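Here's the structure we're looking at; comments come further down.
Every chain is numbered from 1, with letters handed out A, B, ... down the list of sequences. These values consider heavy atoms only, across backbone and side chains, with no hydrogens, waters or symmetry-generated copies. Small disclaimer: the values here were computed from a predicted structure and weren't measured.
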2 protein chains.
Amino acid sequence: MARSAVKRQVNRLPPERRISDIMKAARDVFTEKGYSEALITDIAVRAGVVEGSIYRFFANKRELLVKVVELWFEELLIQDAEQFAGIRGVWNQIRFIVHTHLLSIRRDPALSRLMFQEIRPTPDYRGSRLFKLNQAYTHRLIDVVKAAIANGELRSDTSPSLVRDMVFGAIEHRTWAFLRNEGDFDPDQIADQITNMVYRGLATDRKGAVTFDTLFTRLDAATQRLEAITEPQTKKRARKTA
Amino acid sequence: MARSAVKRQVNRLPPERRISDIMKAARDVFTEKGYSEALITDIAVRAGVVEGSIYRFFANKRELLVKVVELWFEELLIQDAEQFAGIRGVWNQIRFIVHTHLLSIRRDPALSRLMFQEIRPTPDYRGSRLFKLNQAYTHRLIDVVKAAIANGELRSDTSPSLVRDMVFGAIEHRTWAFLRNEGDFDPDQIADQITNMVYRGLATDRKGAVTFDTLFTRLDAATQRLEAITEPQTKKRARKTA
DNA sequence: GAGCGATGATGAATGATGTTTATTAGTGGC
DNA sequence: GCCACTAATAAACATCATTCATCATCGCTC
């Protein structure tokens, strides 16, 4: 028939190459348009394949999304783990975790959005690979806090998992503001702020907005004055009794 | 024809009643199935109207969702504001804000999910009514923190907006865990934990897990000893000079 | 209370998209 | 050079959100 007169062009790249082409295209389209606005057609065209071909490698649109985010997250996790090993000190470790996370969000804000918006809310997230990856990621902070509690550097009545929730929650809220184009998003500054707030805490006495540092300073001063006073006194007494 | 033999039944309830029926049905279906799984047909059937009727009152499916969440959020805001006025003391105020928010999440977890998942991520959220309502809601915490900084009860180097992000971020993370059926969700306990962590902070000295309280106690002790020592001394001197 | 226009409810038709499948191009063994 | 098998293709299909031509109902007029 007329049909067979038009020869069908067939793309015969090796499967790994086709898969990576599709995933790269999917990553681009998903991040540019978001999940529901992204069309399978868009992805197929950009990958240089035909719609049907995508379904040879991915069960459906959602699986494709999950695979894309997974790949991103894995890279992020491996990359951070290497550097993290070298950090010493609780403050520095907390700050490192927060800072690197903020950096990767700034590098790929749209992927974070996909993670928060499309992946986490689904019912099957809990059993998924991404859930475990994310747990591994956030658990580093819990380990740091636990160790710091054990050696007395952080209060023993703090819940490590709550610290995790506060820190990553704060990061997330800043991220949403960033995604909404509200003001700037400075990973250095935000990391400092979050780390300080977790590390030093907020409370003061009623009088004058003191910090832990100033409390320690006052205590030191008082101790020194005590020593300075008690010393001469004992000398005086010694003289008197002498 | 055969068609006209079947008389069309027409629903002639007053518009307000139809709107509230539709919104109630929409609320049920959205919370049960989530936004994308919820079908307009489902909502129409449950509301006892026909698909087309929904579009007389709502521009599209999304607007219906927004209106549903808006209604919920408004009620929540009004209700809380009344009680809040009576609370005295920073700790109690923070704890109240956190606690009531947790209670309303436990009452309607699925609506919180819709808010976080479907509403907040959209580009038009920033200019929306819900955005303003949410700002009003979270701004109470900022006001409390600002006032507390002004009167010296909280450190002056804390960022009120960061406190907001940490508190609501922590609430949100606990909510996700709750929605995933991970363990229990006890508003009283969580509210205490969050409030304490914000209010008292985490840091200690290197030696022995001291808290702000113990630091104050030590400082008080040192001050008293100082006074106890310097007082007799001045008396002695006074006597001497006399 | 019959006729008539306006209003708005109806549900079948439309269009946009994810997914499936019958068809056909390419590949390698014999 | 034929055949069987694999895999790519693109058209067909299914699933909704959304639209719209049709018609029931109401209020008004005479």
Can you list, pair by pair, the side-chain donor-acceptor contacts under 3.5 Å of residues 49-56 of chain A, counting residues two or more places apart and other chains?
{"from": "A:E51", "atom 1": "OE2", "to": "A:T41", "atom 2": "OG1", "distance (Å)": "3.0"}

Side-chain polar contacts of residues 18-25 of chain A - donor-acceptor pairs under 3.5 angstrom, sequence neighbours left out - could you list them?
{"from": "A:S20", "atom 1": "OG", "to": "A:R17", "atom 2": "O", "distance (Å)": "3.1"}
{"from": "A:D21", "atom 1": "OD1", "to": "A:R17", "atom 2": "NE", "distance (Å)": "3.3"}

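Contacts with DNA chain D (heavy atom under 4.0 Å) in residues 19-39 of chain A: none are found. Sorted by residue number, the members of residues 50-68 of chain B with any non-hydrogen atom under 4.0 Å from DNA chain C read B:V50, B:G52, B:S53, B:R56, B:F57.
Stem list for DNA chain D (at least 3 consecutive Watson-Crick or G-U pairs, distances under 3.5 Å): C:1-30 with D:1-30.
Nearer to the 5' terminus of DNA chain D, by closest-nucleotide assignment, is the contact made by B:I40 (compared with the other of B:V10 and B:I40).
Rounded to whole Å, atom P of C:dG8 lies 18 Å from atom CZ of B:R17.
Not one N or O on the side chain of B:Y125 forms a donor-acceptor pair closer than 3.5 Å with the backbone of B:E118. At least one donor-acceptor pair closer than 3.5 Å links the side chain of B:D42 to the backbone N or O of B:L39. Formation of a donor-acceptor pair under 3.5 Å by the A:K146 side chain with backbone atoms of A:L141 is not found in this model. A donor-acceptor pair is defined here as one N or O able to donate and one able to accept, closer than 3.5 Å; such a pair exists between the side chain of A:K61 and the backbone of A:A38.
A:R95 and A:T100 form no side-chain donor-acceptor contact under 3.5 Å, judged by distance and modelled atom types alone. Checking A:S161 against B:R174 by side-chain atom types alone, a donor-acceptor pair falls below 3.5 Å.
Looking at A:H139 and A:I142, their side chains come closer than 4.5 Å, going by heavy atoms from C-beta outward.
Residues in residues 66-90 of chain A take part in these ring pair (Phe, Tyr, Trp, His ring centres under 6.0 Å) pairs, two or more places apart or across chains: A:F73-A:Y137, A:F84-A:F96.
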